[in-house]
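Step one of this worksheet: look at the structure below.
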Amino acid sequence: MNTGIERIREEMAHYLNSQGVRALTAWPGQERSALTGPAAAVSLRSCQAGPSGFQDYLGERFNPDSGRWEELYGKRAELRLGLDLYAGAGTDGQDLQSAFDRLVRALQQGGPQGVQVLEISGGETAFDSAQGLLHRPVEALCRVWLCAAAEPGGEFLDFDIRGGVQS
């Protein structure tokens, strides 16, 4: 079963790239090419989920594809995403600052569908001598709703991230 959280790093990286901020997922399981300019490494630093109703029950919906009613369950979760900025050789602190400004603008406009950005924080730029890169730590606190449908008999279907940005 998919909990929906597995996709959040990929969805955030895709969103940031669509907003003009180069972004990659942290820990991709494959070797990366050397960085030539600033890029955000998207990671999931923490997740705190809680109930949204009685025993996480949200109600029922009719599934027209199966012709049956499904019970809906869900949890509200707060995720702390790492959006650390890194820059390789040939870049300077100003390049990283410009990338940080673009990142903040993109997150102030919203986020991926179903992700509500609550807070953004960033640290100071420093040189990471172990990696040979400039590094600026960035975090975003986000709220999501994880929802799942149960088939008759109680078997859960995959979880999904639901909702939209509310103003």
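The chain is numbered in sequence order, starting from 1.
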For residues 119-130, which side-chain donor-acceptor pairs fall under 3.5 Å, sequence neighbours excluded?
{"unit_1": "Asp128", "atom_1": "OD1", "unit_2": "Ala130", "atom_2": "N", "d": "3.1"}
{"unit_1": "Asp128", "atom_1": "OD1", "unit_2": "Gln131", "atom_2": "N", "d": "3.3"}
{"unit_1": "Asp128", "atom_1": "OD2", "unit_2": "Gln131", "atom_2": "NE2", "d": "3.4"}

Under the side-chain hydrogen bond (donor to acceptor under 3.5 Å, both in side chains) test, which residues partner Asp95, sequence neighbours left out?
none
List for me each residue that meets side-chain contact (heavy atoms from CB on, under 4.5 Å) alongside Ser98, sequence neighbours excluded, and say none if there are none.
Gln94, Arg102
What one should report as the nearest heavy-atom pair of Glu11 and Pro112 is O-CG, 3.7 Å
Going from CG on Leu85 to CG on Leu134, what distance comes out if it is rounded to the nearest 0.5 angstrom?
10.5 Å
Mind listing the closest non-hydrogen atom pair of Leu107 and Ala140 along with its distance?
CD1-CB, 4.3 Å
Would you say Asn17's side chain and Ala23's backbone share a donor-acceptor pair under 3.5 angstrom?
yes
Val144 versus Gly114, closest heavy-atom pair with distance:
CG1-O, 3.6 Å
For the atom pair CG (Leu118) and CG (Leu141), what is the distance rounded to the nearest 0.5 Å?
5.0 Å
Pair Gln48, Arg80: side-chain N/O donor-acceptor within cut-off below 3.5 Å:
no
Distance (rounded to the nearest 0.5 Å) between Leu83 CG and Leu103 CG:
5.5 Å
Hey, could you give me the CD/CZ distance between Gln116 and Arg76, rounded to the nearest 0.5 Å?
10.0 Å
Sorted by chain and number, sequence neighbours left out, ring pair (Phe, Tyr, Trp, His ring centres under 6.0 Å) with Tyr86 holds for His135
Under the rule for salt bridge (charged side-chain N to carboxylate O under 4.0 Å, His left out), what residues qualify as partners of Glu78, not counting sequence neighbours?
Arg143
Which residues pass the salt bridge (charged side-chain N to carboxylate O under 4.0 Å, His left out) test with Arg45, not counting sequence neighbours?
Asp84, Glu139
Taking all non-hydrogen atoms of both residues into account, name the closest pair between Val21 and Ala106 and its distance.
CG2-CB, 4.5 Å
Can you see which heavy atom on Val42 is nearest to which on Arg9, and at what distance?
CG1-O, 3.7 Å
